[in-house]
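First up is the structure itself, then whatever we jot down about it.
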Amino acid sequence: MHRFKTAPLAALIALPLALAACGAQDGQSPTEAARADADARTSIAAGQAKFLGGAHSPPQAEGFTDYWNKVTPENGGKWGEVEAERDVMNWDELDAAWRVAQDNDLPFQMHVMVWGNQQPEWIRSLPPEEQRAEIEEWFAAVAERYPGIDIVEVVNEPLNDPPSKDDEDGGNYARALGGDGETGWDWILESFRLARTHFPDSKLMLNEYSVTNSEDATRRYLEIVRLLQAENLIDVIGVQGHAFATTEETSMDVHKANLDALGATGLPVHVTEFDLDGVDDAVQLASYQRVFPVFWEHPAVEGMTLWGFRRGLWRDEQGAYLIREDGSERPALEWLRSYVRGELTQ
């Protein structure tokens, strides 16, 4: 989307609440005033300096814009979902997420171009030169269909799930991108070079899970980030915020210290896949109160994306949903709204 090309993401997402209260200001069109007014009445982070986005999928589509002001497709943008059969493209879920972003003037994050999971089965047995041609076709197809994507998640989970395994839906195509090479991460560098070519006006992101809960993981992750920075290939650092990485086993001080280290690169940090378990309402609420502020308030964090909020999300059995089947909101969601909007007294 075109809005991300000329200003920081936070500035593009935040709409002053004063506009909503006062209507059209000097120099503001009626359409712009209406959009600001609508936004102020809906998403949780409307008017805030940081975005609070959501993962979009069929189970998460209902009322999406009532809560979230950034869109990330959950499964619809994974290569194995789009092109399960070679040269037969199924864009349905990705199109649906894109339309929500376009229709509501929200930033869109493409998830994901290169990964070691949910990749096409047919590619893993091809020779490297054919794999390379198919990778380039994939990049070109996404860029053509969705011009002006705000953020392109180029590589996901390089530490934990690279596309180098000859296993089911693992891709097995890292060699086609240069393999380890001289840097140990040449396949990542080449992926980002391709992304700069095909998405010249998009912000490019690296994403990984279980980073901020481990000083060693943060160190290894920063090695990749600095290699990308040396070629001006990365614009955003993504850290997933799944519940299994924010348990009470690790102090939140550790997360903060590692966020400090990531922020020292000068790059903005996005918390990309946030969820907190809790079949019991009180347990989930306590987890949100303990964990969420550490990420949200960190100066390097530009915003956060929740990885589902309705039943049917990936950690459904663990109780990570925020809205019950009857449509009622759980206490954690009520707290989250009040906290983000600054309505809590403490």
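Residue E215 qualifies as open at atom CD: its count of foreign heavy atoms under 6.0 Å is 12 or below. Heavy-atom neighbours of E129 CD from other residues, nucleotides or ligands within 6.0 Å: above the threshold of 12. The number of heavy-atom neighbours closer than 6.0 Å to CZ of R175, taken from other residues, nucleotides and ligands shown, is 12 or below.
Using cut-offs of 30° and 60° for the angle between ring planes, the Y339 and W335 rings count as parallel. In this structure, F274 and F295 have perpendicular ring planes: the angle between them is above 60°, well past the 30° mark.
The side-chain heavy atoms of V271 and W296, taken from C-beta on, include no pair separated by under 4.5 Å. Annotation: side chain of V291 is in contact with side chain of M252 (closest heavy-atom distance under 4.5 Å). The closest side-chain heavy-atom distance from N213 to T246 is not below 4.5 Å. Side chains of H298 and D260 form a contact here, defined as non-hydrogen atoms less than 4.5 Å apart. No side-chain heavy atom of M110 sits under 4.5 Å from any side-chain heavy atom of F199. Put simply, the side chain of F244 does not reach to within 4.5 Å of the side chain of D277, judged on heavy atoms. Considering only heavy atoms from C-beta on, V155 stays 4.5 Å or farther from W185 through its side chain.
Taking W115 as the reference, nothing meets the ring pair (Phe, Tyr, Trp, His ring centres under 6.0 Å) condition, with sequence neighbours excluded.
Smallest separation of non-hydrogen atoms from I234 and R196: N-NH2, 4.0 Å. Across all non-hydrogen atoms, the minimal contact from E74 to S57 is OE1-OG, 2.9 Å. In plain terms, the two heavy atoms of I44 and R337 that are nearest each other are CG2-CA, 3.8 Å.
Under the 3.5 Å distance criterion, with hydrogens and angles disregarded, a donor-acceptor pair is assigned to the side chains of T272 and N207. For the 3.5 Å distance criterion, the side chains of D95 and Y146 qualify, holding a donor opposite an acceptor. Side-chain contact annotation: D326 with S328, donor-acceptor N/O pair under 3.5 Å present. Of the N and O atoms on the side chains of Q118 and N75, at least one donor lies less than 3.5 Å from an acceptor on the other residue.
A single hydrophobic cluster is not seen to contain both V269 and Y209; linkage of ILVMFWY side chains at heavy-atom distances under 4.5 Å, directly or through other members, places them apart. Linking ILVMFWY side-chain heavy atoms closer than 4.5 Å, directly or via other members, places W307 and W68 in two distinct hydrophobic clusters. One hydrophobic cluster, built from ILVMFWY side chains closer than 4.5 Å, cannot hold both V100 and L313; they sit in different ones.
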Side chain to side chain contact (heavy atoms under 4.5 Å, CB included) between L52 and L306, worked out:
CA-CA 7 Å; L52 186 61; L306 271 68; 3.6 Å; yes
Are W138 and Y173 close enough, and set up right, to give a ring-ring contact (aromatic ring centres under 6.0 Å, His included), and what steps lead you there?
CA-CA 13 Å; W138 164 236; Y173 57 75; over 10 Å; no
How far apart are the C-alpha atoms of E208 and R220, what are their side-chain angles, what is the distance that settles it, and do they pass the salt bridge (charged side-chain N to carboxylate O under 4.0 Å, His left out) test?
CA-CA 11 Å; E208 183 58 274; R220 294 170 61 213; over 6 Å; no
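Taking 4.0 Å as the cut-off between side-chain N and carboxylate O, K256 and D253 do not count as a salt-bridged pair.
For K50 (side chain) and V301 (main-chain N/O), a donor-acceptor pair under 3.5 Å exists by modelled atom type.
Between N160 atom CG and Q240 atom CD the span is 8.5 Å, to the nearest 0.5 Å.
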